[in-house]
Visitor: 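Mind looking over this structure? Questions follow.
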Amino acid sequence: MGISRKDFLVKSAMGAAAVTLLGRDAFATGSVDLSDKTPFKLPALPYAYDALEPYIDRQTMEIHHTKHHQAYINNLHAALDKRNAPTGTIYTLDDLVKNAGKYGDAVRNNAGGHYNHSLFWSIMMPAYSTGTKSPSGKLKERIDAKFGSFEKMKTEFETAAKTRFGSGWAWLIVQNGELAICSTANQDNPLMDIAEVKGTPILAVDVWEHAYYLKYQNKRPDYISAWWSVVNWAQVETLFSKAGAK
Ligand code: MN
């Protein structure tokens, strides 16, 4: 059994240099315990569950965060445990996502789910906060240069989100130093080795029905147009500045 084998390896590793399962969670705020069998943690939201009302309702946010996101983390731990990795193996979320095609579907879906949702929470903010309601600075310049205007970028992004068949995500990415828009199926993302369009995500919208169905039912376009009201542009600009844009 993976669990008992891992328990042994973790215990035996405590006095040695190696540890069998260590996740350095890119979104975690705390330190990692080397004996921790569940290294990937549900990140706390930087706002209350009802803080995105009326655009995203409290119940949707709470279920999405505590049930859906937590399930991706739980299933990621189970998928990694099944791998029975040798002593010394270190898993990082970045590596799992970037090499998703090599780790198989269970890791691809659940590492993707953990990464995507962690990013998604971070690029939203309460609508009543005093943050900017549109991009500024260099990001605004690059949006204007690439798409013609912020409004035109929004239209192209919304088209990507609305036309993604079934479950998935729409993305604004930095690709070879330039902005681009794309969408992915399921919990894939543009960092993955298997992605058709690759780049560094700086903005993402979840278009799975679980992200909007309680309030918007089948009206995905209404959810997407409302969602702009809770985008945290300061955070998007931070991600843009780190993404190697020209
Ligand atoms: Mn989701």
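Predicted model, so just to flag it, every value in this text is computed and none were measured. Indexing begins at 1, ligand by ligand and atom by atom, following the structure's order.
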Visitor: Verify side-chain hydrogen bond (donor to acceptor under 3.5 Å, both in side chains) between Thr92 and Asp95, making sure each step is shown before the conclusion.
Guide: CA-CA 5 Å; Thr92 69; Asp95 173 60; 5.0 Å; no
Visitor: Kindly report the OD2-the Mn ion (ligand 1)-NE2 angle for Asp206 and His117 respectively, rounded to 10°.
Guide: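 Output for this angle: 100°, rounded to tens.
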Visitor: Which N/O/S atom belongs to His210 and is the closest one to the Mn ion (ligand 1)?
Guide: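 Result for His210 and the Mn ion (ligand 1): NE2.
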Visitor: Does His69 bring an N, O or S atom to under 2.8 Å of the Mn ion (ligand 1)?
Guide: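 His69 does not place any N, O or S atom closer than 2.8 Å to the Mn ion (ligand 1).
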Visitor: Between Glu62 and Lys67, does at least one N-O distance fall below 4.0 Å, as a salt bridge requires?
Guide: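 Salt bridge flag = no for Lys67 with Glu62.
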Visitor: Under 4.0 Å between a side-chain nitrogen and a carboxylate oxygen: does that hold for Glu151 and Lys154?
Guide: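 Looking at Glu151 and Lys154, the cut-off is met.
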Visitor: By atom name, which N, O or S atom belonging to His64 lies closest to the Mn ion (ligand 1)?
Guide: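 Output for this pair reads NE2.
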Visitor: Can Phe150 be reached from Leu203 by stepping across I, L, V, M, F, W or Y side chains whose heavy atoms are under 4.5 Å apart?
Guide: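 Yes: a chain of side-chain contacts under 4.5 Å links Leu203 to Phe150.
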